[in-house]
Amino acid sequence: MERRVVFSGWLFPVLLLLPQLAVTVVFFFWPAAQAILQSVRREDAFGLSTRFVAAENFTAVLGDPFYLASAEITVLFSIAVAGLALASGLLFAVMADRVVRGAAIYKTVLLLPYAVAPAIAGVLWLFLFNPSIGIVAVALRRLGIDWNYLLDALEASAIDGASPRRRFWTIVFPLLAPTSFFLLVVNIVYAFFDTFGIIHNVTQGGPAKATEILVYKVWYDGMVGLDLGSSAAQSVILMAIVIGLTAIQFRFIERRVHYA
Amino acid sequence: MMVTARSSVWVPHAVLVTGLVLVLFPVYVAFVGSTLTASEILDAPMSLVPGSHLIENFARALGSGTVKTSGEPVAAMLLNSLVMALVIAAGKILISLPSAYAVVFFRFPLRRLCFWAIFVTLMLPVEVRIIPTYKIAADLSLIDSYGGLTLPLVASATATLLFRQFFLTIPDELVEAAKIDGAGPWRFLIDTVIPLSRTNIAALFVILFIYGWNQYLWPLLVTNSPSMTTIVIGIRQMIGNGDTQTEWQIVMATTLLAVLPPVLVVILMQRWFVKGLVEAEK
């Protein structure tokens with residue numbers, strides 16, 4: 001899309017663009033280029049010399065069972081996070097749309113988790129589920145709550161009211177489908193990256209690497225393990241994944257712009 | 001029919017109240033936790049009735065933090081987070097509004113290249129370029145400074161894209177009218193475009209303030225000195241694996257202090273926030 005009527009001149013727009021371009025080059029392109037360079041090199045043990053090793057870092061990373069396990073965990077974790085977030089979000093949105101009384105309060109409160117950092121949410125749940133003092137952990141242990149019973153009750157209440165349900169699947173959901181797809185991609189990207197804080201806070205990648213997602217591994221191998229070549233190769237692989245996801249998203253946005 | 005009508009009101013409320021409880025219960029437990037003494041909180045299961053040490057715990061958190069954070073006051077962490085969030089939000093808006101204006105309202109050589117250069121940064125979140133970005137920050141002596149906390153996060157393809165989408169909807173007639181009045185691009189930007197963008201700016205401010213406040217990985221890397229710790233990182237250090245006992249009553253007070261500013265921003269600006277999101281979608 002382009003504007004028909006525009007202003008003339010080139011100096012003024014270039015000046016307007018300059019600050020953003022400067023920050024972009026210094027903190028985006030330069031480090032990204034460094035990551036790519038680093039990923040095809042290896043430093044000796046003393047950090048005195050580096051040599052070109054072509055794809056060696058990549059074959060090492062991709063052949064590393066720990067890396068593959070981490071990739072698998074990341075995919076599972078992202079699908080779980082995005083799926084749960086979208087399903088519950090959609091459920092609450094549809095329900096909030098059906099009520100009149102209290103709708104504003106429901107919407108405000110259900111919007112609040114957006115403002116809470118995953119790391120902080122992690123601390124709250126850590127406190128609730130702390131094995132020795134966590135109030136939920138203690139209650140569960142003492143009462144032995146039957147979760148299956150609870151789920152059955154929820155299911156029964158959900159089946160109730162078949163006609164609003166049919167209306168949802170035939171009318172509301174098709175209308176929401178494009179938005180849902182967009183949100184799915186955004187949520188997967190979110191699960192990939194923004195969950196570093198909750199992992200670092202709550203599990204530190206453990207137990208036995210069970211929650212070591214790719215971003216955590218990049219950070220750990222680079223900043224703690226100081227294996228720069230491997231960390232850089234992992235960064236480049238992550239970049240490729242994000243580029244793929246962004247391309248999908250962008251195609252989708254452009255389509256919406258054209259047909260909207 | 002009666003049953004259907006009744007249940008169609010009852011079911012949504014039940015689901016929504018469940019959602020409310022899931023959101024508010026952890027916060028309530030944190031609140032109660034912040035009003036108890038160290039021994040009360042460790043006496044499992046802890047009470048669900050608030051105790052009488054609220055002011056004492058908050059005063060201690062704000063004034064001297066915990067032993068694990070070497071006595072760094074939470075008040076200082078709050079200030080660091082506030083500066084970081086405000087500078088990132090304001091900085092992103094201040095550099096992306098002009099750049100979007102430049103690519104939409106002008107034709108100049110390499111315009112498309114500039115736009116794409118900004119756009120592809122969407123694909124380079126700080127997480128994929130951790131070590132090299134850290135090196136650059138170190139080379140520019142930005143470690144342990146507000147510049148280091150904010151500058152690398154200030155470029156924003158998202159804000160530029162949102163402004164671009166909005167600017168494309170501004171009617172050509174307005175631009176023509178401005179030209180007839182003899183107004184140049186600078187006047188048009190100040191007198192017409194920025195006032196028209198108020199809702200978008202407000203919505204972006206909310207999104208970007210929360211983005212900045214909740215940053216985790218970058219502050220973790222770029223700050224070492226306790227005096228530069230942000231509150232989100234500070235809480236992590238309070239519960240970190242150590243030999244000393246975690247002082248949960250102080251941690252919970254700090255947690256509440258950490259969520260209060262972004263929550264207030266969302267509540268106070270909810271109307272603009274939602275409106276801005278809906279308009280940005282168009």
Side-chain angles (χ1 to χ4, degrees), chain A residues 1 3-7 10 12-13 16-17 19-20 23-24 27-28 30-32 34-35 91-92 95-96 98-99 106 108-117 119-120 123-124 127-128 132-133 135 138-139 157 160-161 164 193 196-197 201 215 218-219 222 228 231 235 238-239 242-243 246, chain B residues 4 7-8 11-16 19-20 23 26 29-30 42 44-46 95-96 98-99 101-102 104-108 114 117-118 121-125 127-133 136 152 154-155 168 172 175-176 185 210 214 216-217 232 235-236 248 255 258-259 262-263 266-267 270:
Chain A
M1 257 170 85
R3 294 201 66 92
R4 211 163 35 79
V5 184
V6 293
F7 291 103
W10 60 270
F12 185 57
L16 290 176
L17 269 165
Q20 175 140 31
V23 176
T24 305
F27 293 108
F28 285 77
W30 183 249
Q34 292 288 315
L91 176 71
F92 289 137
M95 293 302 162
R98 278 194 204 155
V99 299
Y106 290 133
T108 304
V109 174
L110 292 172
L111 189 65
L112 292 186
Y114 173 73
V116 178
I120 306 251
V123 173
L124 288 175
F127 183 55
L128 290 176
S132 56
I133 62 160
I135 193 159
V138 172
S157 69
D160 212 11
F193 297 111
F196 176 87
N201 254 355
V215 170
V218 173
W219 171 79
L228 297 184
S231 179
S235 287
L238 271 180
M239 269 185 230
V242 190
I243 288 170
T246 312
Chain B
T4 321
S7 71
S8 67
V11 171
H13 280 289
V15 171
L16 291 166
L20 250 54
V23 172
V29 174
L42 292 176
M46 66 170 242
I95 72 169
S96 54
S99 61
Y101 183 72
V104 171
F105 286 97
F106 291 89
R107 298 277 177 277
F108 53 93
C114 290
I118 293 164
T121 58
L122 265 187
M123 305 174 197
L124 300 169
E127 286 83 355
V128 308
R129 49 190 168 89
I130 299 173
I131 314 284
T133 313
I136 286 166
V154 131
L168 287 172
D172 279 332
V175 189
E176 275 159 356
I210 288 163
N214 291 343
Y216 190 93
L217 180 58
V232 177
I235 291 177
R236 151 84 193 143
W248 282 107
T255 305
V259 297
V263 162
V266 165
I267 290 177
Q270 192 183 359

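Order of the sequence lines sets the chain letters (A, B, ...), proteins ahead of strands, with each chain counted from 1. All heavy atoms count here, side chains included; hydrogens, waters and symmetry mates do not.
With sequence neighbours excluded, the residues that form a ring-ring contact (aromatic ring centres under 6.0 Å, His included) with B:Trp248 are A:Phe127. Residues passing the side-chain hydrogen bond (donor to acceptor under 3.5 Å, both in side chains) test with B:Tyr216, sequence neighbours excluded: A:His200, A:Asn201.
Residue B:Ile136 touches chain A through its side chain alone, counting heavy-atom pairs closer than 4.5 Å. Within the 4.5 angstrom heavy-atom criterion, only side-chain atoms of A:Val138, from C-beta onward, approach chain B. B:Val263 touches chain A through backbone and side chain together, each having a heavy atom under 4.5 Å away. For B:Val259, the part lying near chain A is the side chain, with the backbone staying farther off; criterion is any non-hydrogen pair under 4.5 Å. Heavy atoms closer than 4.5 Å to chain B are found in both the backbone and the side chain of A:Thr108. The part of A:Ile135 that comes within reach of chain B is its side chain, from C-beta onward, which places non-hydrogen atoms under 4.5 angstrom from that chain. Heavy atoms closer than 4.5 Å to chain A are found in the side chain of B:Ile210, but not in its backbone. Looking at B:Val104, the atoms closer than 4.5 Å to chain A (heavy atoms on both sides) sit in the backbone and in the side chain alike.
Below 30°, between 30° and 60°, or above 60°: for A:Phe12 and B:Phe106 the angle between ring planes is above 60°, a perpendicular geometry.
Ranked by non-hydrogen atom pairs under 4.5 Å with chain B, the options A:Trp10, A:Tyr106, A:Trp30 are led by A:Tyr106. The most heavy-atom pairs under 4.5 Å with chain A, out of B:His13, B:Met46, B:Glu176, come from B:His13. Note on B:Val232, B:Leu217, B:Val266: by heavy-atom pairs under 4.5 Å with chain A, the leading option is B:Leu217. Between chain B and the options A:Gly222, A:Gly197, A:Pro113, the largest number of non-hydrogen pairs under 4.5 Å is found for A:Gly197. Note on B:Val175, B:Leu16, B:Asn214, B:Thr121: by heavy-atom pairs under 4.5 Å with chain A, the leading option is B:Leu16. For the options A:Leu128, A:Ile133, A:Leu110, heavy-atom pairs under 4.5 Å to chain B are most numerous at A:Ile133. Between chain B and the options A:Val109, A:Leu91, A:Leu112, A:Val215, the largest number of non-hydrogen pairs under 4.5 Å is found for A:Val109.
Considering all non-hydrogen atoms of both residues, A:Met95 and B:Pro12 come closest at SD-CA, 3.5 Å. Closest approach of A:Pro31 to B:Thr133, counting heavy atoms only: CB-OG1, 3.4 Å. Contact between B:Ala117 and A:Thr24 at its shortest, heavy atoms only, is O-CG2, 3.9 Å. Taking each heavy atom of A:Arg3 and B:Arg107 in turn, the nearest pair found is O-NH2, 2.6 Å. Closest non-hydrogen pair, B:Thr255 versus A:Leu124, comes out as CG2-CD2, 3.7 Å. Shown here for B:Pro152 and A:Phe28, the closest heavy-atom pair between the two residues is O-CE1, 4.0 Å.
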Practice problem: Apply the test side-chain contact (heavy atoms from CB on, under 4.5 Å) to residues A:Leu17 and B:Ile118: give CA-CA distance (whole Å), side-chain angles for both, the deciding distance (0.1 Å), then the verdict. | Solution: CA-CA 10 Å; A:Leu17 269 165; B:Ile118 293 164; 3.8 Å; yes
Self-check item: Verdict with supporting geometry, A:Ser235 and B:Arg129, side-chain contact (heavy atoms from CB on, under 4.5 Å)
Solution: CA-CA 6 Å; A:Ser235 287; B:Arg129 49 190 168 89; 6.0 Å; no
